[in-house]
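Here the structure comes first, spelled out in structure tokens, and everything after it is commentary.
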Amino acid sequence: MSGFWFFSAPAVVEDYREEDAVAMSNMHADAFAHVWSSDEISALLASDAVHALVIRRPNPYGTRALLGFVIYRNAADEAEILTIAIDKRKRRKGLGQQLMEEVSRRLYADRIDHLFLEVDADNLPALTLYQKLGFAKVGERQAYYTSGEKGAGTALIMRYNLR
């Protein structure tokens, strides 16, 4: 019964660490057609304006598996989500929502007014999450996403008002 806490403990959101880049790249490859390498992720996060949060599985032995991540960028009084990915075996368990809520808390504390993101119009699970969080569509880009099977997809531009 000593391991019971492990199964009921919530996932932990924390700041990105350099050693997370490879796992983040692998997770990104499972989620998107255009893959970001670990070197690209590290280079992007070298900028003072770009930040990343990761969500991990709690583990009593100290090694905590990466379950997902979000990368975002600040510019003046606005911010944008650059990418978010959740381990394909752990999707639809509220992990993306936990990450987005923590991003929102941090941006609010930094006095950011608006958070933007782009999402494929065909990505219904992501759209459902963003609408649940209070994001609203403010524009779209036709033929923005490409996939081998479907051709070009529409990107919806969404905004969340933090203030």
Side-chain angles (χ1 to χ4, degrees), residues 10-59 61-76 78-107 110 112 114-130 133 135 138-160:
V12 178
V13 176
E14 58 190 25
D15 291 317
Y16 152 88
R17 298 186 304 235
E18 181 64 33
E19 60 265 23
D20 294 325
V22 171
M24 290 166 70
S25 176
N26 293 337
M27 197 171 295
H28 196 271
D30 282 340
F32 300 102
H34 176 76
V35 179
W36 291 1
S37 72
S38 59
D39 289 340
E40 289 172 312
I41 289 171
S42 294
L44 185 64
L45 289 165
S47 167
D48 289 338
V50 180
H51 312 278
L53 297 176
V54 297
I55 189 162
R56 298 183 192 281
R57 172 178 53 103
N59 187 322
Y61 305 109
T63 57
R64 300 183 314 184
L66 191 72
L67 301 174
F69 69 94
V70 60
I71 299 176
Y72 61 100
R73 174 175 38 210
N74 298 29
E78 297 180 347
E80 69 175 316
I81 300 295
L82 300 177
T83 192
I84 181 170
I86 302 297
D87 182 306
K88 64 183 175 185
R89 298 163 298 187
K90 302 294 182 181
R91 293 180 186 155
R92 299 183 188 209
K93 297 186 184 305
L95 300 174
Q97 182 172 340
Q98 272 186 265
L99 282 168
M100 293 296 291
E101 287 173 346
E102 182 60 24
V103 167
S104 296
R105 278 190 287 277
R106 289 179 182 216
L107 292 172
D110 289 342
I112 301 296
H114 308 286
L115 176 58
F116 291 88
L117 58 80
E118 292 174 352
V119 60
D120 190 326
D122 292 332
N123 189 342
L124 296 180
L127 283 170
T128 300
L129 170 63
Y130 301 143
L133 291 170
F135 281 82
V138 294
E140 60 182 58
R141 293 188 173 115
Q142 297 293 323
Y144 186 76
Y145 294 111
T146 58
S147 67
E149 297 173 15
K150 290 181 162 182
T154 299
L156 301 181
I157 302 165
M158 302 185 83
R159 180 180 68 205
Y160 176 68

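The chain is numbered in sequence order, starting from 1.
The 12-atom threshold is exceeded at CZ of Arg17, counting heavy atoms of other residues, nucleotides or ligands nearer than 6.0 Å.
Counting only distance, with no hydrogens or angles, the side chain of Ser42 and the backbone of Ser38 share a donor-acceptor pair below 3.5 Å. The closest donor-acceptor contact from the side chain of Asp120 to the backbone of Asp122 lies under 3.5 Å. Between the side chain of Arg91 and the main chain of Ile86, a donor-acceptor pair closer than 3.5 Å is present. Between the side chain of Glu40 and the backbone N or O of Ser37, at least one donor-acceptor pair lies under 3.5 Å.
Shown here for Ala126 and Val119, the closest heavy-atom pair between the two residues is CB-CG2, 3.7 Å. Residues Leu66 and Ala23 share a closest heavy-atom pair of CD2-CB, 3.7 Å. In plain terms, the two heavy atoms of Ala11 and Leu67 that are nearest each other are CB-CD1, 4.1 Å. Of all heavy-atom pairs between Leu127 and Leu156, the closest is CD2-CD1, 3.6 Å.
Taking CG from Leu95 and CD1 from Ile55, the interatomic distance works out to 4.5 Å, rounded to the nearest 0.5 Å. Annotation: the span from Met27 atom CE to Thr83 atom OG1 amounts to 11.0 Å, rounded to 0.5 Å. The CG atom of Leu82 sits 11.0 Å away from atom CD1 of Ile41, with the distance rounded to the nearest 0.5 Å. A distance of 7.0 Å separates CG of Leu107 from CD1 of Ile81, quoted to the nearest 0.5 Å. In this structure, OG1 in Thr154 is found 5.5 Å from CD in Glu140, a value given to the nearest 0.5 Å. Atom-to-atom distance recorded for Glu80:CD and Ile71:CD1 is 11.5 Å, nearest 0.5 angstrom.
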Inset, instruction - Would you please test Glu14 and Tyr16 for side-chain hydrogen bond (donor to acceptor under 3.5 Å, both in side chains) and show each step? - result: CA-CA 7 Å; Glu14 58 190 25; Tyr16 152 88; over 6 Å; no
Inset, instruction - I would like to know whether Glu102 and Gln98 meet side-chain hydrogen bond (donor to acceptor under 3.5 Å, both in side chains); could you show each step before the answer? - result: CA-CA 6 Å; Glu102 182 60 24; Gln98 272 186 265; over 6 Å; no
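With respect to the salt-bridge test (charged N to carboxylate O, under 4.0 angstrom), the residues Arg106 and Asp15 qualify.
Residues forming a ring-ring contact (aromatic ring centres under 6.0 Å, His included) with His51 (at least two apart in sequence, or on another chain): Tyr72. In this view, Phe69 satisfies the ring-ring contact (aromatic ring centres under 6.0 Å, His included) rule with no residue, not counting sequence neighbours.
Counting heavy atoms from C-beta on, the side chains of Asp20 and Arg56 come closer than 4.5 Å. Between Tyr130 and Met100 there is a side-chain heavy-atom pair separated by less than 4.5 Å.
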